[in-house]
Amino acid sequence: MYPPPAIRFRDTARMAPQRPTLDPTSEPPQARVARAEFMRRFGRPPSSIAFAPGRVNLIGEHVDYAGGFVLPIAIERGTAVAVGPTPSGRDSRIISLDQGEVSIDPLLAPLPLTAPAERWANYPLGVLALLREEGIAPPPLDLVAATDLPIGGGLSSSAAITVATAVAALGSMGPHADHLDRRRLARLARRVEHRFAGVPCGLMDPAIVSLAREGHALLLDCRVDLDEDSFRHVPLPEELAVLILDSGVRHRLDEGGYASRQQAVREAAAILGVPTLRELLDAEGGDLGVARARLDSAPLDALVRRRARHVLSEIDRVRRAAAILDALSESRSADVPFATHRLAALGRILVEGHASLRDDFGVSTPELDLLVEASMDAGALGARLTGAGFGGCVVVLAEPQKVASIADHASRRLAAALGRSPGTPCLACTTLPSRGARLVASG
Ligand code: GLA
C-alpha cells in the first residue's frame, strides 16, 4: 500500500476544562430522556441536567487500591441526571428509570446500608449529604436519572450516577456554581462509595468519569490522592477500535469478593513490610523480576501470594502499555509497520492481563473467558475483562475493519455456550474515548 496512511490521533484540541462548566452543545440522548421524564413526573422543567460517562479500563485492574497505575477511557454511554428544587414542605423524590423511586426528607442522612432494595438511591443521596458536609448546600432536590449503562455490568454505572448528581446539583445553584474542581469531584464520589454504598473502591472510576478527555486514555498514578502531577492524558490512535462485549452476568461489589481481594493485597504488603505493593516494585527500581523474587521468598499464604503476583505484574503491564501509546503518539509519522507492531504488542499485554486476573486474582468467569477467547480467535489485537470482574464486560482492542466480525463471532459463541438461541447476541458496542462529566443544561 503506497503512500502508507499516517498514524492519526483523535482531536486533541478540545481540552477538558478544570471544572465541569456548562456545555449545552453536547447534550447526549440520555439527557433528553431525563429532561422529558422530569417534566412528565413533576410537571415542570428541571433546573439543571448533567451527564457523566461510564468507563472501560484498558489495563490496570485491581491495582488502584494498591497504589498502582491504571489506564482507563471514558465511553460514550453514561448517565444523565436532571434535578429541580423540591417544592417547599414536600419530600424529595429520587427517581432512577432503571431502579425505581425513593421519597425522602431531603435533610435526612442517606438510607442505612441495610435497605438493599433502595440502596441505589444512596449514590445521589450520599452526594447531597457530602456536599452539605463540604459547606455547599444545594436546595432540596427532586431528581431523575436516565442511563444506558448496564447496572452492575462493570462499566462504572455507580461513579457515573454519583458524579452526574454532583454536577447537576452544583448546576442547580447557577451555571457558575463551580465550587468543585474535577479532582475534588472525584474524591467526593469515592467517599460516597465508601460511606454510603459500602464499597471500598479505589480512585480509578470517579477519576476517569470526572477527568476524561476526548480521544485520550487517562494514565493515573493512584499512589497519591489525585494531585496535579498524578495523572496525564495519553492519546489513543484512531487505528485502534475499542469494542465492549457484555457477558450479561451481573456483579455486586458489596458482596465480599472485592473486599476480600483488597484484604489479601493489604496482607501481602504488610508481610513484605511495604505500605503498598506498588512500593515493592519501586524499591526494586521497577524491576518486576526482582520484586517477584522478593514476593516468592516471603512467608505468604499461597493464595495471598498469587493475588500479590497479579498486582505486581499488572502495574508493570500498565507501564508497558503507556510506553507503547507514548511511542505511537511521538512517532505520528507514516511508520505503519512500527504502529502495527506496537499495536500488536499492546494487544498481547491485554491478553496477559486477562490471564493474570483469571489465574492469579480469581475474578474472571467462564463467560468472560469465553468472550476473550472468541474475540482473539476472530482476529482481535487483545481482549480482557474490564472492571472488577465477577461478571460484567470484556474490552476488545481491534483494527476498525474487524470489529463487526469479532462482535458477531464472540456473541454467537456466548449464545451457544449458554444454550441461548443463536440470534441472541450479547450486548456489543464500539466506543470512542470520550469526555468526562459535564453540565448540559442549566437555568
Ligand atoms: C471497581 C472499583 C475500582 C477498581 C476496579 C478494579 O471498578 O470501583 O476502584 O478497583 O474495580 O480494577
Side-chain angles (χ1 to χ4, degrees), residues 52-75 78-79 123 126 149-163 186-212 217-223 225-226 230-231 244 246 249-266 276-278 307-308 310-315 317-318 321 350 353-354 356-358 360-365 368 384-395:
R55 65 98 187 89
V56 291
N57 187 15
L58 299 181
I59 191 76
E61 223 63 87
H62 288 278
V63 297
D64 57 351
Y65 52 77
F69 293 95
V70 295
L71 193 65
I73 62 167
I75 61 176
T79 300
Y123 289 108
L149 295 169
I151 308 295
L155 301 183
S156 201
S157 54
S158 53
I161 191 173
T162 307
V163 172
R187 291 193 208 103
L188 178 129
R190 183 183 47 180
R191 288 210 306 283
V192 169
E193 289 266 10
H194 289 185
R195 280 183 48 191
F196 302 114
V199 178
C201 69
L203 197 52
M204 171 170 72
D205 300 350
I208 181 66
V209 165
S210 305
L211 294 161
L218 183 77
L219 178 63
L220 176 68
D221 180 346
C222 302
R223 195 178 48 164
D225 205 18
L226 210 51
S230 63
F231 64 93
I244 301 167
D246 186 354
V249 180
R250 295 291 166 256
H251 66 206
R252 282 201 29 196
L253 295 189
D254 54 355
E255 273 175 349
Y258 183 80
S260 72
R261 298 304 183 286
Q262 265 195 18
Q263 175 55 33
V265 169
R266 267 199 303 270
T276 63
L277 288 176
R278 152 76 179 286
R307 305 294 189 237
H310 163 75
V311 171
L312 293 180
S313 64
E314 185 78 351
I315 294 173
R317 277 187 284 276
V318 181
L350 265 70
H354 183 78
S356 176
L357 287 166
R358 182 192 60 211
D360 280 344
F361 218 64
V363 292
S364 190
T365 64
L368 292 167
R384 57 181 284 278
L385 77 83
T386 188
F390 311 104
C393 293
V394 158
V395 57

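Whatever order the structure lists ligands and atoms in, that order sets their numbers, starting from 1. Numbering starts at 1 and runs along the sequence shown. Because only heavy atoms are used, hydrogens play no part in the values below, and waters and symmetry mates are left out as well, while side chains stay in.
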So the atoms of ligand 1 within less than 4.0 Å of a heavy atom of D205 turn out to be 1 (C), 2 (C), 3 (C), 7 (O), 8 (O)

- Message: Tell me whether ligand 1 is touched by R55 - counting only heavy atoms on the residue side and a distance under 4.0 Å.
- Response: yes

Numbered in order shown, the ligand 1 atoms found under 4.0 Å of a heavy atom of C201 are 2 (C), 8 (O), 9 (O)

On a heavy-atom basis, the closest approach of I208 and I73 is CG1-C, 3.7 Å

In short, L149 meets S157 closest at the heavy-atom pair CD1-CA, 3.8 Å

Tightest non-hydrogen contact, residues P72 and R55, listed as CB-CD, 4.3 Å

Practice item. Taking the six-membered ring for Trp and the full ring for Phe, Tyr or His, determine whether the centres of F69 and F231 are under 6.0 Å apart. Key: no

Applying salt bridge (charged side-chain N to carboxylate O under 4.0 Å, His left out) to E193 and not counting sequence neighbours gives none

Under 4.0 Å from one or more heavy atoms of M204, ligand 1 contributes atoms 4 (C), 5 (C), 12 (O)

Query raised in the report: Would you say the side-chain atoms of T162 and R190 include a donor-acceptor pair closer than 3.5 Å?
Result: no

G202 to ligand 1: N or O pair under 3.5 Å?
-> yes

Notebook entry, point to check: Can you find an N or O of Y65 that's nearer than 3.5 Å to an N or O of ligand 1?
Noted result: no

Atoms of ligand 1 under 4.0 Å from any heavy atom of D64, numbered from 1 in the order shown, are 3 (C), 4 (C), 9 (O), 10 (O)

